Each structure stands twice: as structure tokens, then as C-alpha cells.
Protein chains: 4
Amino acid sequence: MALDSTGRDHTEDNAQHGNIAADRLRSLVERIERLEEERKALAGDIKDIYAEAKSAGFDVKALRALIALRKKEPAEIEEQETLLDLYKRALGM
Amino acid sequence: MALDSTGRDHTEDNAQHGNIAADRLRSLVERIERLEEERKALAGDIKDIYAEAKSAGFDVKALRALIALRKKEPAEIEEQETLLDLYKRALGM
Amino acid sequence: MALDSTGRDHTEDNAQHGNIAADRLRSLVERIERLEEERKALAGDIKDIYAEAKSAGFDVKALRALIALRKKEPAEIEEQETLLDLYKRALGM
Amino acid sequence: MALDSTGRDHTEDNAQHGNIAADRLRSLVERIERLEEERKALAGDIKDIYAEAKSAGFDVKALRALIALRKKEPAEIEEQETLLDLYKRALGM
DNA sequence: CAAGAATTATGAACCC
DNA sequence: GGGTTCATAATTCTTG
């Protein structure tokens with residue numbers, strides 16, 4: 001284990017090495033922050049493409065809807081569709 | 001029971017009354033939609049109060065934090081505070 | 001205005017009545033909490049209906065999908081549909 | 001420009017090449033989907049690290065709070081803290 | 001107790 | 001630039 005709410009470290013031999021948990025924490029934080037940076041960069045790239053699409057005359061909102069549709073559709077072909085259709089018919093939809 | 005994935009209704013005497021499940025479904029849907037409407041109205045009311053607070057000079061973000069704080073158990077608040085401080089110190093913050 | 005980050009109240013005659021902002025804050029908080037309680041109660045009612053539906057043999061997930069569909073569809077009939085269809089056809093979808 | 005709501009393409013010489021806009025659209029969609037895939041992978045990696053932290057005995061919620069804290073400007077943290085304390089005192093908390 | 005879904009909150013983006 | 005809507009992130013709750 002690591003640092004708990006008492007600030008005590010109960011892990012086997014980590015008791016002698018109080019800084020081990022701190023090092024572990026620092027490592028975790030750095031890895032997370034590094035990945036979040038990359039993710040933020042990707043988000044920026046995506047935003048840029050949407051901006052490019054807009055300046056090329058495409059409707060960004062419809063484009064987003066298109067992307068979302070392509071993401072969803074394979075999932076919707078799944079098992080639930082049958083029941084949903086059944087319920088829709090039961091309500092005359 | 002009601003409509004299952006085969007579209008067949010296995011309930012005792014509902015077999016003779018295929019529309020019973022449909023009526024039941026319609027009733028459920030209507031009750032849910034009615035309640036969701038009310039809930040949406042309440043959400044609008046809450047939003048209005050935050051807007052009123054803002055125009056009265058209060059900081060909405062801090063106000064939200066205050067409301068959230070009052071929802072939590074004092075013990076839970078203390079626990080999280082303690083851990084956060086511990087982690088901050090471990091990183092020398 | 002009300003309480004600001006200095007804790008000073010700069011509003012006209014509220015300077016004499018330092019508690020006015022506090023009363024105003026208390027009132028806002030109480031109204032918000034009251035409405036949130038009602039909203040929570042409604043959420044509970046809705047949950048109960050889903051439980052009732054489940055025990056009546058309906059598939060809750062499909063039922064949720066149905067409700068969501070009835071909420072969305074009128075909005076999707078709007079103007080964006082045309083563009084979306086156009087884009088879909090452009091991609092051969 | 002590209003496809004507009006009439007499905008007509010008014011761009012200069014693109015009239016002769018009706019498929020140019022479609023190709024452009026396809027390219028945009030593919031680039032976006034590619035980047036979103038990468039972003040999703042990163043999100044998964046981050047989730048994995050939090051899981052690793054949890055199994056190492058760290059409190060995930062506090063860890064998230066720590067990461068969020070490090071993202072904010074010290075001045076912003078101070079500002080929000082001050083306001084929250086002010087509001088708490090106003091309510092006698 | 002872990003995993004997945006659903007609701008809620010926060011932050012960004014677009015329009016006015 | 002401010003407000004509103006949309007998208008994403010996170011917490012909570014339910015279910016297996």
C-alpha cells in the first residue's frame with residue numbers, strides 16, 4: 001500500500017523507506033500529466049480540422065453529427081434494437 | 001410479464017389480451033415523461049436562482065462549491081482534505 | 001453587489017447593514033437546496049417507475065432508449081437533417 | 001467552398017468536379033476519426049494509471065484533486081478559497 | 001467489490 | 001465580450 005489517511009505507510013518494508021510512497025506518487029502524477037498533455041494536443045488538432053472544414057464551407061454542426069453517427073451506428077445495430085423496435089411499434093411510433 | 005425479445009407475451013392470461021402490455025407500456029412512458037418534464041422545470045428554476053445570485057454580485061462558482069460542501073458529511077470533507085494535504089506535502093507543494 | 005473577494009460590501013447603503021448580503025446569500029442557498037431536494041425526489045419517483053417496469057417484464061435499457069428517442073426525434077427533424085443526409089450520401093452511407 | 005444546404009457546389013471550377021467536395025469531406029472525416037481514436041487510447045492509458053494508483057493504495061479521488069490543483073493558477077486557487085470561506089462564514093459554517 | 005451506465009458539473013466554443 | 005449551448009469529464013449508483 002501507500003500513504004493512507006493517517007500519513008503512515010503500512011507496507012511491508014516501506015516503513016523503512018518513507019520516501020518510497022512519495023516517489024511512487026510523483027511518478028504516477030508525472031505520467032498522468034504527460035498523457036493529459038498529449039491528449040490536450042490531440043484535442044487541439046481535432047479542433048483545427050473542424051476549423052479547416054468550416055473555412056472550406058462545411059457545416060461544422062452537421063459534420064459533428066456525422067462523426068457521432070458513424071461512431072454510434074455499429075453499437076446500435078446490437079441486440080437492443082429488436083426490443084426498441086418492439087416498444088416503438090407498441091406505441092404506434 | 002410483458003413483451004420480451006421474441007415479441008411474444010408469456011404472461012398467464014395476457015396471451016389473450018395482446019394489447020395489455022402495450023397499454024401498460026404506454027402508461028409507464030407517459031408517467032416517466034411527465035415526471036421528467038417536472039424535473040426539467042425544476043432545473044430551470046435552479047438555473048434562474050444562480051443567475052439571480054450572479055446579478056446580485058455573488059460568485060456563482062464559489063456558490064456552487066458552497067452548496068456542494070453542505071451536501072457532504074463533515075467527516076468526508078475532513079478525510080479528503082487530509083489526504084490531499086498529505087499528497088501535496090509528498091510532492092513538496 | 002454583494003460580498004466580494006475582500007469581504008467588503010460596496011453596495012450603496014448595505015455598508016450600514018453588513019448582514020444584508022449574508023441574509024441574501026442564506027436565502028439563495030435555501031431556495032436552491034429546496035429545489036434540489038424536490039428534484040431529487042422526482043428522480044426517485046422516476047427510478048421507482050423504471051423498477052416497476054422491470055418487475056412487469058420490460059427491458060429497462062430498451063425503455064430508456066425509447067424515452068430518449070421520443071425526446072430527441074422532434075429536434076432532429078429540424079434543419080440540420082438535410083445537411084447530414086447530404087454528407088452521408090457524399091460518403092456513401 | 002463545399003457542399004451547401006442545396007447540395008449544389010458553387011465553387012469556381014468544382015462544378016466540373018462534383019466529387020471534389022465529397023473527397024474533401026471524406027478526408028476530413030478520416031483525419032478526425034483517426035485523431036479521436038488516438039485520443040480515446042490516451043484516455044484509456046490515463047484510466048489505467050489511476051487503476052494502478054488505486055491498487056497501490058492511493059486514494060483516487062484525492063489524487064484527481066491533486067492533479068486538478070496543479071493545473072490551476074495559484075492566484076485562482078487563492079481567489080476561490082477566499083470566496084468560499086467568506087460565504088461559509090456568512091452562513092455561520 | 002468491481003464494472004458499467006446515467007446523471008451531473010465543468011469547461012470550451014459559437015453566436016449575438 | 002457575455003451568454004448560451006454543446007461536449008467532455010467525473011462522480012455516483014446500480015447491477016452482476
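Scope of the values below: all heavy atoms of this structure, side chains included, with no hydrogens, waters or symmetry mates. Below, read A as the first sequence line, B as the second, and so on, with proteins coming before strands; counting in each chain starts at 1. The shown structure was predicted, so the numbers you read here are calculated from the model rather than taken from an experiment.
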Exercise. Going by heavy atoms in the side chains, are C:L63 and B:V29 under 4.5 Å from each other?
Worked result: yes
For this session: Shoot me the first and last contacting nucleotide of DNA chain F against chain D, ordered 5' to 3', at under 4.0 angstrom to non-hydrogen atoms.
Result: F:dT8 to F:dT12
Exercise. Rounded to the nearest 0.5 Å, what separation is found between the CG atom of C:L28 and the CD atom of C:E33?
Worked result: 11.0 Å
Seminar exercise, completed: Only one of D:E36, D:E30, D:E38, D:E37 passes salt bridge (charged side-chain N to carboxylate O under 4.0 Å, His left out) with D:R34, and that residue is D:E38
Problem set entry | Side-chain heavy-atom pair B:L69, D:K88 within 4.5 angstrom cut-off | yes
Name each donor-acceptor pair under 3.5 Å that joins a side chain in residues 43-51 of chain B to protein atoms two or more places apart or in another chain, with its distance.
none

Exercise. What is the per-nucleotide protein-contact pattern of nucleotides 4-16 of chain E, from the 5' end, where B denotes a base atom under 4.0 Å from a protein heavy atom, S denotes such proximity for sugar-phosphate atoms only, and - denotes neither?
Worked result: --SS--SS-S-S-
Exercise. Between D:S27 and D:D23, is there a donor-acceptor pair closer than 3.5 Å when you use the side chain of the first and the backbone of the second?
Worked result: no
For this session: Look at the side chain of A:N19 and the backbone N and O of A:A22, then say whether any donor-acceptor pair between them is shorter than 3.5 Å.
Result: no
